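Numbered from 1 within each chain, the chains take letters A, B, ... in sequence-line order. Bear in mind that the values here come from a model prediction, so they are computed numbers and not experimental data.
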2 protein chains.
Amino acid sequence: MTGVVSSNVTVDLTAVIVSVRDRMPCVLEIDPEAGGRPHLPWGPLGPEHHTLEAGLREWVERQTRLSLGYVEQLYTFGDSSRAGATSAAAERVGGARAARNISVAYLALVHADGALASVSDAAWRGWYEHLPWEDWRGGEPKSMRTVRDRLEYWAATGDGDEVRARRRTRIRLAFGENGMPRDEERVLERYELLYEAGLIPEAWYDDALHPSAQAASMPGRPMGTDHRRMLATAIGRLRGKIKYRPVLFELMPQSFTLLALQRTAEALTGAGLHKQNFRRLVYNQQLVEPTGDVEQETGGRPAKLMRFRREVELERPSPGVRMSATRRAGLV
Amino acid sequence: MTGVVSSNVTVDLTAVIVSVRDRMPCVLEIDPEAGGRPHLPWGPLGPEHHTLEAGLREWVERQTRLSLGYVEQLYTFGDSSRAGATSAAAERVGGARAARNISVAYLALVHADGALASVSDAAWRGWYEHLPWEDWRGGEPKSMRTVRDRLEYWAATGDGDEVRARRRTRIRLAFGENGMPRDEERVLERYELLYEAGLIPEAWYDDALHPSAQAASMPGRPMGTDHRRMLATAIGRLRGKIKYRPVLFELMPQSFTLLALQRTAEALTGAGLHKQNFRRLVYNQQLVEPTGDVEQETGGRPAKLMRFRREVELERPSPGVRMSATRRAGLV
DNA sequence: CCATTTAATGCTCATTAGGAGTATAAGGAG
DNA sequence: CTCCTTATACTCCTAATGAGCATTAAATGG
């Protein structure tokens with residue numbers, strides 16, 4: 001033993017930084033120099049970081065000049081077989097066979113009026129560009145057609161009746177079909193299913209899965225080193241969390257109209273909401289209070305401007321916006 | 001650079017293994033040889049582990065001869081200031097100044113009829129021995145008296161009116177009081193509050209917190225290296241999860257009575273449930289089906305034996321036992 | 001100034017989920 | 001046969017919530 005270190009493990013800190021601008025949920029991405037895939041801000045955990053979260057904040061600030069507000073840990077990824085899981089680490093480690101690399105992913109929320117932070121190659125990009133099958137605000141997205149076709153092909157080419165049946169069940173569960181409603185929180189499950197079906201280009205470096213010719217035209221822009229999986233995790237977490245914690249307001253400006261709030265919720269959940277019921281919900285929960293001003297630019301009757309009532313967090317155990325999508329697809 | 005490794009980070013895999021036996025929720029613990037504190041099964045992630053979960057399973061199996069079924073990732077802990085966060089790692093690393101150590105904690109569930117696995121110094125211990133303020137099945141536990149007194153003292157000795165007010169608000173939020181109902185899921189929040197208040201012996205190695213003489217008699221048995229925090233995290237997660245996923249059945253034997261199921265749910269949530277409503281819930285959700293047999297040892301009318309209907313997971317998006325505690329404390 | 005359009009806002013209705021309690025059934029112990 | 005115990009079946013009531021109708025307040029074009 002050299003006495004320096006025993007473990008061959010490097011730990012990366014990766015940030016899924018979310019903001020919603022103009023009905024479009026966005027992630028902060030770093031575009032590669034040489035035509036590679038965009039990736040999330042990240043950096044290795046070092047001895048100087050006293051907490052994981054502190055390390056993450058520092059890396060993000062360094063790479064994007066953005067100072068984060070709300071941050072929560074998402075998940076720790078560590079499959080050594082996963083696409084690119086080791087490649088980036090290998091470089092940093094100086095070419096030695098860095099056997100192992102794990103990534104601790106964080107979710108961060110940025111207010112809509114927060115700094116644009118387009119510095120240092122970082123840019124906001126709509127997350128549905130990466131996962132177009134997750135946006136059902138306008139009814140079933142066009143990409144679902146392709147997705148279903150590809151998945152059905154995958155299911156049909158399974159080895160044996162049982163395998164085929166099991167695959168079809170999983171598809172039905174993840175994406176919803178006749179009878180079975182789609183669960184908007186199962187973002188990761190859907191991504192993983194597509195991954196297993198060989199429809200995610202990021203998987204093509206994976207031993208176990210063969211590049212599928214048909215996946216070439218799969219909708220959804222790939223990202224670097226398994227980062228799309230982290231994005232899917234973040235979306236799922238966020239969609240669940242807004243229902244029982246007032247995190248939605250971490251994405252809103254100081255004052256906002258109820259419709260703006262609703263549009264933000266819709267952007268995240270990817271589903272249309274019933275306007276009147278949404279208002280009733282927000283009011284009943286006493287999540288907001290009027291600022292006294294009104295927004296004139298509505299196009300119709302002016303809307304009262306509201307602000308978040310921070311006190312609710314001290315009043316009730318789990319305030320949140322537990323809305324559910326309208327049965328009939330589309331905005332209301 | 002030596003060419004061997006660049007990071008000074010070691011990654012541990014730690015398991016909170018839960019089982020419920022006879023109304024008592026238990027964790028699998030490893031008792032120390034030399035009168036130290038009990039700790040959870042754990043081991044370092046090595047290059048031979050292809051996934052974190054696989055590494056965890058291997059360590060648990062090696063240390064306790066127990067083969068795990070249901071496993072999910074809980075949280076990754078990495079505060080370098082946290083009690084014992086580095087000490088254990090330092091030993092393994094051979095005395096070198098291992099600057100950094102993080103722990104990926106997992107939650108595992110074991111069926112009540114699973115192997116006792118009392119081999120290799122491992123033993124099941126009731127989790128409320130470590131966190132007695134979490135068991136409200138028989139109404140407010142006696143330990144709450146001490147806890148409230150200590151917390152109130154901590155709040156009262158805060159520096160400045162504002163600090164004192166904020167501390168009292170946090171206490172009220174975490175533990176619930178007049179008006180504010182206690183949220184049984186906020187286990188970690190309660191633990192962290194006690195930790196900050198200097199009432200958790202594990203914290204006494206922490207720079208920022210001074211050992212408080214009054215904490216000497218705090219109820220609740222300490223554990224090694226921050227493992228009690230992981231236990232708190234596990235309990236909170238589990239209490240939340242049984243409400244929307246049928247994980248409760250991962251703790252039950254093949255066949256069981258509805259009362260046994262209810263007792264298990266109560267053991268986890270630490271609250272009494274309304275028997276008739278619990279049955280209605282379980283029936284309406286179609287979570288179980290009768291085996292045809294009956295249990296005679298009930299002490300009264302024999303109870304139908306039931307089994308879990310695995311199919312529900314394929315039928316509805318989020319089946320679970322979303323019960324809520326009876327208002328009036330105590331069993332019904 | 002008035003009709004029309006566009007949103008905001010207010011309110012009703014029906015259904016469901018869930019908290020609480022009453023009543024009945026089916027065993028064993030004495 | 002009576003009492004005790006637990007299982008099981010219902011009833012009642014209220015709060016939450018999905019859906020839709022109605023009204024209000026601005027802007028715009030005639």
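Salt-bridge formation is not detected for the pair B:Arg245/B:Glu72: no Lys NZ or Arg NE/NH1/NH2 atom is positioned less than 4.0 Å from an Asp or Glu carboxylate oxygen. The residues B:Glu250 and B:Lys241 are annotated as not salt-bridged, no charged nitrogen and carboxylate oxygen being separated by less than 4.0 angstrom. The pair B:Arg170-B:Glu189 fails the salt-bridge criterion, with no side-chain N (NZ, NE, NH1 or NH2) lying under 4.0 Å from an Asp/Glu carboxylate O.
The interatomic distance linking A:Asn277 (CG) with C:dT15 (P) rounds to 16 Å, in whole Å. Counting to the nearest Å, the C1' atom of C:dT12 and the NE2 atom of A:His274 are 12 Å from each other. Counting to the nearest Å, the P atom of D:dA16 and the OH atom of A:Tyr244 are 20 Å from each other. Straight-line distance from the CD atom of B:Glu295 to the P atom of C:dG27: 14 Å, rounded to whole Å. Per the geometry, NZ belonging to B:Lys243 stands 14 Å off C1' belonging to C:dG18, to the nearest Å. Atom NZ in A:Lys304 sits about 10 Å away from atom P in D:dA25, given to the nearest Å. One can place CZ of B:Phe278 at 17 Å from P of D:dT6, the figure rounded to the nearest angstrom. Between B:Leu281 atom CG and C:dA17 atom P the separation is 10 Å, expressed in whole Å.
OP1 or OP2 of D:dT6 has not a single side-chain nitrogen or oxygen of B:Lys275 nearer than 4.0 Å.
Between B:Leu273 and B:Glu266, the closest heavy-atom pair is N-OE2, 2.8 Å.
Comparing A:Ala303 and B:Gly300 by the nucleotide of DNA chain C that holds the closest heavy atom to each, the one mapping nearer the 5' end is A:Ala303. Each of B:Thr257 and A:Gln296 was assigned the nucleotide of DNA chain D with the nearest heavy atom; the assignment lying further toward the 5' end belongs to B:Thr257.
Checked against D:dA7, C:dA8, D:dC10, the side chain of B:Thr298 finds its nearest nucleotide in D:dA7. The listed nucleotides are D:dG20, C:dT9, C:dG18; the one nearest the side chain of B:Arg280 is C:dG18. Checking D:dG18, D:dA9, C:dA20 against the side-chain heavy atoms of B:Tyr283 singles out D:dA9 as nearest. Out of D:dA26, D:dG20, D:dA7, the shortest distance to the side chain of A:Pro302 is found at D:dA26. Of the candidate nucleotides D:dG18, C:dA25, C:dT9, C:dA25 has the atom nearest to the side chain of B:Arg301. Closest to the A:Gln276 side chain, of the nucleotides C:dG19, C:dG10, D:dG18, is C:dG10. Relative to the side chain of B:Leu259, the nucleotides C:dG18, C:dA8, D:dA7 differ in distance, and D:dA7 lies closest. Comparing atom distances between the A:Arg279 side chain and each of C:dG21, C:dT9, D:dT17 picks out C:dT9 as nearest.
We find the OG1-CD distance between B:Thr169 and A:Glu313 to be 12.0 Å, quoted to the nearest 0.5 Å.
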